[in-house]
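Note sheet for the following structure.
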2 protein chains.
Amino acid sequence: MTNTISKENYLKTILQHTTDTNEPVTTNDIANTMGTKAASVTEMLKKLSAQKLIKYKKYKGVTLTNSGRQQALLIIRKHRLWEYFLVEKLKFRWDEIHEVAEQLEHIQSDILVDRLNLFLENPQFDPHGAPIPNKKGAIKKSETFKLNEVRDNKESIVKSVSDQPDLLRYLSKIGISIGSKLKVIEQNSFDQSLLLLINNKVKVQVSSDIAKHIRVQP
Amino acid sequence: MTNTISKENYLKTILQHTTDTNEPVTTNDIANTMGTKAASVTEMLKKLSAQKLIKYKKYKGVTLTNSGRQQALLIIRKHRLWEYFLVEKLKFRWDEIHEVAEQLEHIQSDILVDRLNLFLENPQFDPHGAPIPNKKGAIKKSETFKLNEVRDNKESIVKSVSDQPDLLRYLSKIGISIGSKLKVIEQNSFDQSLLLLINNKVKVQVSSDIAKHIRVQP
DNA sequence: ATTATTTTTTAGGTTTGCCTAAATTAAAAA
DNA sequence: TTTTTAATTTAGGCAAACCTAAAAAATAAT
């Protein structure tokens, strides 16, 4: 019943690549994000398929079964609860937590997750603003928009950012955090970079590559 | 530089078997406590020896090198800090923590250990009364005695108990915890069991098998 | 001091998860 | 539609950590 760490990581990766698009994820995409080779991925897909955790047709990519998605969501739950713990209790910076949470998410203990959740008072979002799935794996999704899709001169509030240490360090440096108020002053039509007003105070130019990792609400 | 979980467990086991006796531990003893077979142990000993973590002569048992002891002590440190966390913060009972701590002790992150220690306010003893090694692996040892070595009609205070869930549940049931006051009323000369007075209130008969897992101070 | 018993080691296998190189299939280009 | 390119899978290997069975060494018993 208990999966290996490697299998858990595959499930998590497949979930991440299929939730937004609803499309099957390819062997190569999995290999790239996991830092393994395509051949290794194929091999693992066969095992996960035999366990009915994924739907896999040769050469056609993969999606999760309900059972696989459920398992993946509970790993995400653990990851995000631990991230919250690291920041709120142990005073980690948000760019320091990823690596540690990647380890902690694989600790197997239902009672631990329950009590950690209780101790943290049932948090709903992790330090990057990502929603924490509940005990059953259910996730409440909110309507947010990528910053690079917001029209000029609209004000919005930062709701979440991608979990990438480099990005997080950069955002801290320019003063963007969850809850920051952003106004897109203008979009450069050549490179799609944005001129932002942050919290009504500072103007900063950010690339569209950064902007697409920032999700906001009007 | 980073060892596998399996290697860490071997180091820990070797430490546990060599600290009190100062004698080399045998292949079979290691196999028994780890739940593996002697052949597997021999194989691993060769690897640990090649890494200069243990001193190993064929057929002659094993001891740790300074480097190996240092590593083992830092794993113990993590184990005991996590145990303290589980009991003090997450409200685990002391008989529930072992299995989880066995997993948590293998999380690799120096910064995590430092900040956990800070968060817990630098605790000196884990929930069973075992001393927590400091950041350098140093452990302060206190003079304690096994309860079965205490003379009749002497009063003493419980300082530590062995980390075995069954034992811990039993001790809870009869009302013994760290700090309890015990008086050995009499020792049965046939089976060496002890009649105890606990906290000046309850009388309980305890086998010597239990008593040797309870360490006390006068 | 031999012999018998127990302990430890060696030899040869298994599983998991990774790899490279070659073969196959699918997709894109001519 | 055929050819070329790209993606994927298969085949065959490797390291880690376990195993069983057989051989060797150490210890205990006669």
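Naming: A, B, ... by sequence-line order, numbering from 1 per chain. Everything numeric here is computed off the predicted structure, so don't read it as measured data.
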Self-check item: Sugar-phosphate only, base, or nothing, as touched by Lys60(A) at under 4.0 Å among non-hydrogen atoms
Solution: nothing
Quiz item: If you count the non-hydrogen atoms of other residues, nucleotides and ligands that lie under 6.0 Å from CD in Glu99(A), is the total more than 12?
Solution: no
Quiz item: How about Glu149(B): does its CD atom have over 12 heavy atoms from other parts shown lying under 6.0 Å from it?
Solution: yes
Practice problem: Report the residue from Trp82(A), Phe85(A), Phe92(A) that forms a side-chain contact (heavy atoms from CB on, under 4.5 Å) with Val100(A). | Solution: Phe92(A)
Quiz prompt | Heavy-atom pair of closest approach, residues Arg93(A) and Ile97(A) | solution = O-CG2, 3.6 Å
Quiz prompt | Where Asn148(B) and Gln187(B) come nearest, the two heavy atoms and their spacing | solution = O-NE2, 4.3 Å
Self-check item: Asp110(B): salt bridge (charged side-chain N to carboxylate O under 4.0 Å, His left out) partners, not counting sequence neighbours
Solution: none
Practice problem: Could you list the residues that satisfy salt bridge (charged side-chain N to carboxylate O under 4.0 Å, His left out) with Lys135(A), not counting sequence neighbours? | Solution: Asp114(A)
Quiz prompt | Close residues, residues 12-28 of chain B, relative to DNA chain D [heavy-atom separation under 4.0 Å] | solution = none
Find every protein N or O atom lying less than 3.5 Å from an N or O atom of nucleotides 14-20 of chain C, and list the pairs.
| from | atom 1 | to | atom 2 | distance (Å) |
| --- | --- | --- | --- | --- |
| dG17(C) | OP1 | Thr4(A) | OG1 | 2.4 |
| dG17(C) | OP2 | Lys47(A) | NZ | 3.4 |
| dC18(C) | OP1 | Ser6(A) | OG | 3.4 |
| dC18(C) | OP2 | Ser6(A) | OG | 3.3 |
| dC18(C) | OP2 | Tyr10(A) | OH | 3.4 |
| dC18(C) | N4 | Glu43(A) | OE1 | 3.1 |
| dC18(C) | N4 | Glu43(A) | OE2 | 2.8 |
| dC19(C) | OP2 | Lys37(A) | N | 2.9 |
| dC19(C) | OP2 | Ser40(A) | OG | 2.6 |
| dT20(C) | OP2 | Lys37(A) | NZ | 3.3 |

Exercise. Evaluate the side-chain hydrogen bond (donor to acceptor under 3.5 Å, both in side chains) criterion for residues His106(A) and Asn9(A): first the C-alpha distance (whole Å), next the side-chain angles of each, then the deciding distance (0.1 Å), finally the verdict.
Key: CA-CA 9 Å; His106(A) 299 295; Asn9(A) 283 331; 3.0 Å; yes
Self-check item: Bounds of contact between DNA chain D and chain B, in 5' to 3' order, using a heavy-atom cut-off under 4.0 Å
Solution: dA16(D) to dA26(D)
Quiz prompt | Test item: side-chain donor near acceptor, Asp29(A) and His17(A), under 3.5 Å | solution = no
Quiz item: Is the shortest side-chain N/O distance from Tyr56(B) to OP1 or OP2 of dT9(C) below 4.0 Å?
Solution: yes
Quiz prompt | Partner set under side-chain contact (heavy atoms from CB on, under 4.5 Å) for Ser172(A), not counting sequence neighbours | solution = Trp94(A)
